[in-house]
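Shown next, in structure tokens, is the structure this report addresses.
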Amino acid sequence: MIDITFPDGRVQTYPKGTSALEIAKSISEGLARQVIAAEVNGEVRDLNRPINESAKIAFLKFEDKGGKKAFWHSTAHLMAEALESLYPGIKLGIGPPIENGFYYDIDFGDYTFGEADLEKVENKMKELAKQNNEYLRSEVSKDKALAFFTEKNDPYKLELIEALEDGNITFYTQGNFVDLCKGPHIPNTGIIKAVKLLSLAGAYWRGNEKNKMLTRIYGVSFPKQSLLDEHLQLLEEAKKRDHRRLGAELQLFMFSEKVGAGLPIWLPKGTFVRNQLENYLKEEQLKRGYQQVITPHIANKNLYITSGHYAKYGEGSFQPIKTPNENEEFFLKPMNCPHHCEIFKHVPHSYRELPIRIAEFGTVYRYEQSGELHGLSRVRSFTQDDAHIFCMPDQLKDEFLNVLDLTMQVLNRMGFSEFTAQISLRDPENKEKYIGSDEVWEKAESAIIDATREIGIPTITELGEAAFYGPKLDFMVKDALGRSWQLGTIQVDYNLPERFDLEYVASDNTKHRPVMIHRAPFGSFERFISLLIESTAGNFPLWLAPTQVMILPISDKFNAYAQYICDALKKDDFRAEIDQRQEKIGKKIRDAEVSKTPYMLIVGEKEELEGLVSARKHGQGDIGSMALKDFMLILKNELN
RNA sequence: GCCAAUGUAGCUCAGGGGUAGAGCACUUCCUUGGUAAGGAAGAGGUCAUGGGUUCAAUUCCCAUCAUUGGCUCCA
């Protein structure tokens with residue numbers, strides 16, 4: 001007999017070898033119908049797998065994370081089964097569950113699998129699901145596993161099995177389909193009631209671009225049709241927040257094929273938002289002892305030979321600009337740091353001056369791969385809110401804390417509460433990829449770790465994600481469709497001071513090497529604003545809204561009064577406009593709402609006679625009529 | 001860069017081997033209207049670009065460019 005401990009602490013005895021499904025049934029049939037996997041001693045397992053030792057058990061439904069994973073993983077197998085029956089001879093890569101669904105990587109050989117094929121596969125899956133086949137687990141020896149897939153002629157599975165240890169290999173079978181898989185899976189295909197194959201993509205085998213590109217099919221599935229409908233509805237909603245769509249609708253920015261791919265053009269309203277952000281940060285940085293500089297957009301090739309960037313990125317970058325002088329070449333600047341190093345070098349520095357903080361809203365140009373371009377989030381010309389701090393090694397932590405504080409302030413101010421702070425350290429297995437001594441790295445890494453701990457933000461740590469010149473802290477934010485983007489970054493750098501031979505005179509009159517911090521709280525205005533648009537759905541906070549108040553005269557008889565109100569608002573530095581079109585008030589309201597203007601003032605006969613305005617808040621509706629000064633008070637309160 | 005798909009009016013999209021259509025937006029006129037779309041008329045397109053097939057191509061084929069979804073990359 002074995003003791004089974006339930007999440008509420010209750011313990012019950014069952015015969016050895018009882019399955020989780022049987023345990024669930026012993027509690028209630030209803031529970032047994034809903035559970036799709038079980039967590040046994042913290043490990044998610046199949047429901048029908050016998051439990052042979054006393055254990056803590058928790059039942060997982062679709063709603064649970066582990067349940068979803070098993071459900072989607074099982075759907076991936078179902079898709080593979082459907083694909084094998086429709087396209088015999090295909091070879092399978094891997095097919096895991098992901099955050100919102102699953103995918104399977106398939107080698108279709110000579111067949112070009114297109115989007116038109118998706119529906120056919122979907123239908124086949126539904127048909128197979130109805131067969132209600134069980135997912136059966138079996139343990140196989142390595143020899144047998146290899147023999148099976150040699151017979152099946154699937155090189156990808158063979159490669160995977162080669163890397164596995166004998167005694168640790170399991171197959172799962174449902175219907176006519178057998179797959180190498182460590183599980184866990186749901187009990188049977190019958191509970192997969194709703195399936196949607198969403199998209200198609202190329203994906204290199206094992207994520208290596210030197211390998212063959214397989215066809216990746218993405219999909220999602222649910223135990224109820226209504227859940228799928230809901231999910232698709234959410235995806236539609238998310239698309240409405242896409243910054244590319246809102247950017248065009250709200251006239252914030254544009255692209256032009258003639259100007260070039262990935263080269264954003266900022267329209268007046270977008271420029272306004274960007275300038276507001278720039279002014280805000282400029283002011284903050286002034287308070288924190290930064291000095292603003294401006295450097296040219298191009299620089300002599302020699303600058304990047306010194307910095308080392310030419311060797312690393314020269315070929316894959318915008319190619320040099322030639323001059324009438326032979327052998328003279330200039331590059332569009334891909335980063336601002338080398339320029340700033342030259343500024344530091346311009347005059348000798350005493351330790352008394354440090355830290356020196358040099359800031360620039362520097363526009364940089366990088367030849368991003370064509371397939372990578374994405375709205376404002378990934379472009380070929382962008383402006384960083386860049387700064388480089390040159391300090392003594394023992395000032396590093398304090399400076400880092402200061403930068404961290406600024407970054408947090410920026411994120412808070414912009415309403416980004418959902419971000420991930422990622423500490424990127426070097427790969428301890430692969431130290432030769434990085435420059436600098438162990439001692440220097442340890443110091444830099446602990447400065448980052450200590451600083452984040454001190455300020456108390458949750459972090460995740462990624463080994464091997466550091467820049468080659470030093471560790472960094474990146475702030476990641478998700479877009480409307482759940483894709484993660486890096487915004488702010490703080491990087492410690494021992495490399496450039498070395499390459500540029502930067503030094504300061506210490507108290508003992510000897511020369512020392514400063515440490516450099518690269519930092520950008522926004523990252524770039526382009527990407528930051530793209531995410532700001534998506535997180536606010538285009539409803540900018542009042543201080544950022546290009547037009548704060550739209551004045552709507554009931555008819556053109558009241559244009560003069562509207563003008564008077566508008567002038568008064570402008571005089572107090574509010575951004576107001578008048579909609580003087582010969583349209584009905586309902587139409588003017590609708591247009592102001594659609595353009596996401598935060599406030600509307602309706603003025604007609606009543607308002608003019610009483611000297612009032614009727615206010616309306618975006619998304620909320622009528623907030624009553626009031627004296628203009630009271631309305632301005634509402635604005636002022638919201639701005640503070 | 002790679003794989004797949006898309007490209008028709010300012011926007012959203014329909015159409016289809018015989019030189020194009022809707023809604024919204026725009027212009028003009030009528031209407032002067034009270035809290036999310038008043039009415040009428042009009043203008044607007046080398047059907048992304050370049051080749052090819054064809055009596056005829058916006059439609060079929062190829063290439064290029066751009067865009068989209070991913071993969072790889074990201075100083």
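Chain A is the first sequence line, chain B the second, and so forth, proteins listed ahead of strands; every chain is numbered from 1.
- When each of B/G38, B/G33, B/A75 is scored by its nearest atom to the side-chain atoms of A/Glu583, the top-ranked nucleotide is B/G38.
- Scanning for salt bridge (charged side-chain N to carboxylate O under 4.0 Å, His left out) contacts around A/Lys157 gives A/Asp179, with sequence neighbours left out.
- Ranked by how close their nearest RNA chain B nucleotide is to the 5' end, A/Tyr313 and A/Glu209 are led by A/Glu209.
- The closest donor-acceptor contact from the side chain of A/Gln319 to the backbone of A/Gly314 lies under 3.5 Å.
- A/Asp386 contributes no side-chain N or O that, together with a main-chain N or O of A/His388, makes up a donor-acceptor pair within less than 3.5 Å.
- Between A/Glu342 and A/Lys345 there is no salt bridge, since no side-chain N of the basic residue sits under 4.0 Å from a carboxylate O of the acidic one.
- Using a 4.0 Å cut-off between charged side-chain N and carboxylate O, A/Arg590 and A/Glu593 make no salt bridge.
- Salt bridge status for A/Asp105 with A/Arg216: present, with a side-chain N to carboxylate O gap under 4.0 Å.
- As a whole-Å value, the separation of A/Met213 CE from B/G69 C1' is 12 Å.
- Using a 4.0 Å cut-off between charged side-chain N and carboxylate O, A/Asp501 and A/Arg499 make no salt bridge.
- Here A/Arg206 pairs with A/Glu159, A/Leu160, A/Asn211 under the side chain to side chain contact (heavy atoms under 4.5 Å, CB included) rule; sequence neighbours left out.
- Rounded to whole Å, the separation between the C1' atoms of B/U53 and B/A66 comes to 26 Å.
- We find that CD1 of A/Ile585 is positioned 12 Å from P of B/G33, with the value rounded to whole Å.
- Straight-line distance from the NE2 atom of A/His374 to the P atom of B/U68: 7 Å, rounded to whole Å.
- With P as the reference atom, B/U46 and B/A20 are 12 Å apart, rounded to whole Å.
- Taking atom CZ on A/Arg527 and atom C1' on B/A75, their separation rounds to 13 Å, with Å as the unit.
- Counting non-hydrogen atoms under 4.0 angstrom, A/Gly371 reaches a base of the nucleic acid.
- Remark: A/Arg378 in residues 378-385 of chain A come within less than 4.0 Å of RNA chain B through at least one heavy atom.
- Of the residues in residues 610-621 of chain A, those with a non-hydrogen atom less than 4.0 angstrom from any atom of RNA chain B are A/Ser614, A/Arg616.
- Electrostatic pairing of A/Glu526 and A/Arg366 does not count as a salt bridge here, judged by no charged N lying under 4.0 Å from a carboxylate O.
- In secondary-structure terms, RNA chain B builds stems of at least 3 consecutive Watson-Crick or G-U pairs, each pair having both distances under 3.5 Å, at B:1-7 with B:65-71, B:10-13 with B:21-24, B:26-30 with B:38-42, B:48-52 with B:60-64.
- Ring geometry for A/Phe522 against A/Phe525 counts as tilted: the plane angle lies between 30° and 60°, on a 0 to 90° scale.
- As judged by a 4.0 angstrom heavy-atom cut-off over every strand, A/Gly308 is placed among residues making no nucleic acid contact.
- Pairs passing the side chain to side chain donor-acceptor pair (under 3.5 Å) check and including a residue from residues 529-538 of chain A, sequence neighbours excluded, read A/His243-A/Glu534, A/Ser377-A/Ser530.
- At a threshold of 4.0 angstrom between heavy atoms, the contacts of A/His518 with the nucleic acid are absent.
- Taking the ring axis of A/Tyr367 as reference, the NZ or CZ atom of A/Arg380 stays within 45° of it and closer than 6.0 Å to the ring centre.
- In this structure, A/Ser199 reaches the sugar-phosphate backbone alone: every heavy-atom distance under 4.0 Å involves primed, P, OP1 or OP2 atoms, never a base.
- Listed nucleotides B/C71, B/U35, B/A75 differ in distance to A/Ser317; the shortest reach to its side chain belongs to B/A75.
- Remark: A/Arg241 engages no residue in a side-chain hydrogen bond (donor to acceptor under 3.5 Å, both in side chains) (not counting sequence neighbours).
- Look at CD1 on A/Ile217: it is 17 Å from P on B/C3, rounded to the nearest Å.
- Every residue two or more places apart in sequence or in another chain that forms a salt bridge (charged side-chain N to carboxylate O under 4.0 Å, His left out) with A/Glu99 is listed here: A/Lys478.
- Looking at residues 240-259 of chain A, you'll see A/Arg244, A/Glu257 sit with a heavy atom under 4.0 Å from some atom of RNA chain B.
- A/Asn300 places no side-chain N or O within 3.5 Å of a backbone atom of A/Leu303 that could act as its donor or acceptor partner.
- For A/Leu373, taking side-chain heavy atoms from C-beta onward, the closest of the listed nucleotides B/U67, B/G70, B/G69 is B/U67.
- Taking atom CG of residue A/Asp579 and atom P of nucleotide B/U35, one finds them 16 Å apart after rounding to whole Å.
- A gap of 15 Å separates the P atoms of B/A14 and B/C60, to the nearest Å.
- A/Met516 has its CE atom 15 Å from the P atom of B/A75, to the nearest Å.
- Nucleotides B/A4 and B/G38 have their P atoms positioned 48 Å apart, rounded to a whole Å.
- Nucleic acid contact for A/Tyr218: sugar-phosphate only, since backbone atoms but no base atoms lie under 4.0 Å from a heavy atom of the residue.
- The aromatic rings of A/Tyr365 and A/His297 lie tilted to each other, with the angle between the two planes from 30° to 60°.
- Taking only side-chain atoms of A/Ala201, from C-beta outward, the nucleotide of B/G70, B/A4, B/U67 with the closest atom is B/G70.
- For the side chain to side chain contact (heavy atoms under 4.5 Å, CB included) with A/Met125, the qualifying choice from A/Leu83, A/Leu86, A/Thr75 is A/Thr75, the only one to do so.
- Distance from the side chain of A/Leu200 is smallest for B/A4 among the nucleotides B/U67, B/U35, B/A4.
- A/Glu368 has its CD atom 16 Å from the P atom of B/C71, to the nearest Å.
- The side chain to side chain contact (heavy atoms under 4.5 Å, CB included) test applied to A/Lys68 returns A/Phe62, A/Trp72, not counting sequence neighbours.
- Across residues 587-603 of chain A, A/Lys587, A/Ile589, A/Arg590, A/Glu593, A/Ile602 each have a non-hydrogen atom less than 4.0 Å from an atom of RNA chain B (numbered order).
- Residue A/Ser370 has a polar side-chain atom (N or O) positioned under 4.0 Å from OP1 or OP2 of B/G1.
- Distances shorter than 4.0 Å separate none of the side-chain N or O atoms of A/Arg216 from OP1 or OP2 on B/A4.
- Going from the P atom of B/U49 to that of B/A43 covers 24 Å, rounded to whole Å.
- For B/A22 and B/G44, the P atoms lie 14 Å apart once the distance is rounded to whole Å.
- Interface remark: the A/Tyr367 side chain does not form any donor-acceptor pair with the B/G1 base, using a distance-only criterion of under 3.5 Å.
- Residues satisfying the salt bridge (charged side-chain N to carboxylate O under 4.0 Å, His left out) test with A/Glu638, not counting sequence neighbours, are A/Lys617.
- Note on A/Gln486: nothing from the nucleic acid sits closer than 4.0 angstrom, heavy atoms only.
- Separating the P atom of B/C13 from that of B/C55 is a span of 37 Å, rounded to the nearest Å.
- If you find the closest nucleotide of RNA chain B to A/Lys557 and to A/Pro334, the one lying nearer the 5' end belongs to A/Lys557.
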